[in-house]
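Lettering follows sequence order; numbering is per chain, from 1.
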Amino acid sequence: MAAKMEDSTRGSGDSSVSSSNMTEIPTVAQIIERQAASSESSAAGGETGPPGSLHHPGFALFKQGAEARLYRGTFLGRPTVLKERFSKKYRHPRLDEKLTTKRTQGEARTVARARKAGIPTPCIYFVNYQSNCIYMEDLRCATTSRDYIVAVQSVGAGDSFRALQPIMDKIGKILATMHDGDIIHGDLTTSNIMLKQDASATDPEVVLIDFGLSSVSQLAEDKGVDLYVLEKAFLSTHPNTETLFRVILKSYTKHSRKSKDVIKKLDEVRLRGRKRTMVG
Amino acid sequence: MEVSTTLDLYPDTTVSMVLFSGVTNGSEVRKKIMDGTIEAAVINAQMICDPFQVLVAVNKAVHLDKLDKKKTKTVFGEILFNLSPGNNILAAYQKFGVQDAERQDVLVVLLNDLQGQQLQQVSNIIQGTRIPLESLRDIRDEQQIIKLFKISEAERRVGRLEDVVVCRMATKDAG
């Protein structure tokens with residue numbers, strides 16, 4: 001009885017891309033391409049979006065958050081994201097105005113500071129302090145690390161760890177550089193950590209976005225909390241990724257000059273189970 | 001050779017940019033700017049990375065002009081001021097404005113020159129040759145720009161030089 005052993009690693013003559021995608025781990029570039037293709041087919045809202053977008057001709061609303069609305073459009077020939085902080089009606093108007101402007105200013109300031117430290121962020125083109133609008137670079141050829149991790153994990157292949165590890169490594173390094181520059185992001189989630197890969201690039205690049213809740217601090221406590229926030233967001237969004245997150249921490253420790261105290265605080269915060277210092 | 005763009009946020013404003021090479025009468029040009037004969041921003045082309053950078057400076061200048069919140073007296077002065085990394089107006093004019101050199105390359109920025117009349121007038125005064133705007137890339141002095149803006153190696157690696165500079169310009173008054 002001649003048992004024919006099928007060599008499953010040998011590529012079949014029929015190389016239909018769609019079937020191989022089901023078992024192959026996608027690269028970052030592939031995910032970026034997939035998202036670009038699907039956003040083209042579902043035509044963007046255009047100029048007539050919901051009432052909020054009427055006063056931004058040429059920009060279309062694509063996200064509404066608790067603090068700001070995000071629009072996409074073109075500014076001086078460049079693809080641009082417009083972040084508009086809106087007023088909260090329940091606040092006292094004068095206080096509201098001051099607060100909103102302060103947040104906008106703070107975000108611009110921290111982005112400048114982050115870039116000085118070598119952290120890739122979208123380039124800010126223009127800040128309108130009257131309307132609290134920030135016009136910034138629309139990252140082309142990028143996806144969120146959230147989407148990429150989800151895509152890799154959904155394939156269900158055994159070596160998803162190997163595919164994601166180098167990216168976690170890069171993330172850890174960027175966070176180390178950021179904290180060494182005494183910058184606290186304030187809202188670290190996998191949706192705020194972007195992966196960018198141009199056609200010419202061999203490796204994806206980590207880009208941080210949304211510095212709306214950021215601050216400056218030398219305290220290991222604040223940096224520890226920053227990492228804790230990411231850990232909570234990471235583990236809740238991506239189940240069974242404890243080992244993956246550990247790669248981030250390992251890379252952080254390797255690249256940061258002040259990591260020892262920060263990790264110590266992280267452990268303390270984990271035990272406390274809260275985001276705030278327990279004062280008073 | 002004359003590139004015109006309309007500002008997305010201020011559609012009533014059209015911006016024209018023209019590049020002049022080998023300008024020999026820099027001092028005369030400066031005099032005519034100061035006495036109001038020339039109503040344009042005449043920029044030291046070596047200090048410009050990319051036309052986009054100039055448009056960003058113009059956009060901010062027009063924005064502040066409309067709010068009457070300019071730091072300088074004219075919208076053209078404001079363009080020069082916006083291009084500069086610091087808050088000293090005189091230093092901005094000295095570094096980014098027309099120089100005292102025997103030969104220099106300048107970028108002229110005009111606003112709402114729909115009939116081309118202003119360009120005609122400026123061309124008659126400036127003693128130099130009009131060259132394509134694309135030549136700006138060859139004229140720019142990267143080392144001088146990096147030195148003036150004090151761009152560290154780490155920051156330089158974040159992206160293209162023009163993006164590093166534009167982001168600095170945009171966040172200058174954020175504190």
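In this structure, NZ in B:K69 is found 12.0 Å from OH in A:Y129, a value given to the nearest 0.5 Å. Between atom CG of residue B:D173 and atom CD of residue A:Q105 there is a gap of 8.0 Å, rounded to the nearest 0.5 Å.
Other residues, nucleotides and ligands contribute at most 12 non-hydrogen atoms within 6.0 Å of the NZ atom of A:K98. Residue B:E39 places its CD atom among 12 or fewer non-hydrogen atoms of other residues, nucleotides or ligands, all under 6.0 Å distant. Atom CD of A:Q218 sits in a sparse spot, with 12 or fewer heavy atoms from other residues, nucleotides or ligands closer than 6.0 Å. Atom CZ of A:R140 has 12 or fewer neighbouring heavy atoms from other residues, nucleotides or ligands inside a 6.0 Å radius. Annotation: B:R140, atom CZ; neighbour count of heavy atoms from other residues, nucleotides and ligands within 6.0 Å is above 12. Residue A:Q130 places its CD atom among more than 12 non-hydrogen atoms of other residues, nucleotides or ligands, all under 6.0 Å distant. Surrounding CD of A:E97 are at most 12 heavy atoms belonging to other residues, nucleotides or ligands under 6.0 Å away.
Neither the backbone nor the side chain of B:Q53 has a heavy atom closer than 4.5 Å to any heavy atom of chain A. B:K172 does not touch chain A: none of its heavy atoms, backbone or side chain, sits under 4.5 Å away. Only the side chain of B:S152 comes within less than 4.5 Å of a heavy atom in chain A; its backbone stays farther off. For A:E107, no part lies near chain B; criterion is any non-hydrogen pair under 4.5 Å. Looking at A:E137, neither its backbone nor its side chain comes within 4.5 Å of chain B, counting heavy atoms on both sides. Only the backbone of A:A117 has a heavy atom closer than 4.5 Å to any heavy atom of chain B.
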Take B:R168 and A:R115 through the test side-chain contact (heavy atoms from CB on, under 4.5 Å) and record every step on the way to the result.
CA-CA 9 Å; B:R168 288 285 202 95; A:R115 287 177 139 244; over 6 Å; no

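With a 4.5 Å cut-off on side-chain heavy atoms, B:V56 and A:F126 do not count as touching. You'll find the side chain of B:H63 reaches within 4.5 Å of the side chain of A:N128, heavy atoms only. The shortest distance between side-chain heavy atoms of B:V158 and A:I119 does not fall below 4.5 Å. Proximity of B:L9 to A:Y135: side-chain heavy atoms (C-beta onward) are separated by under 4.5 Å at one or more points.
For the set B:L67, B:N59, B:L55, the count of heavy-atom pairs under 4.5 angstrom toward chain A peaks at B:N59. Note: A:I124 leads A:V207, A:V127, A:I124 in heavy-atom pairs under 4.5 Å with chain B.
When all heavy atoms of A:F75 and B:F52 are compared, the closest pair comes out as O-CE1, 4.1 Å.
Salt-bridge formation is detected for the pair A:R78/B:D163: a Lys NZ or Arg NE/NH1/NH2 atom is positioned less than 4.0 Å from an Asp or Glu carboxylate oxygen.
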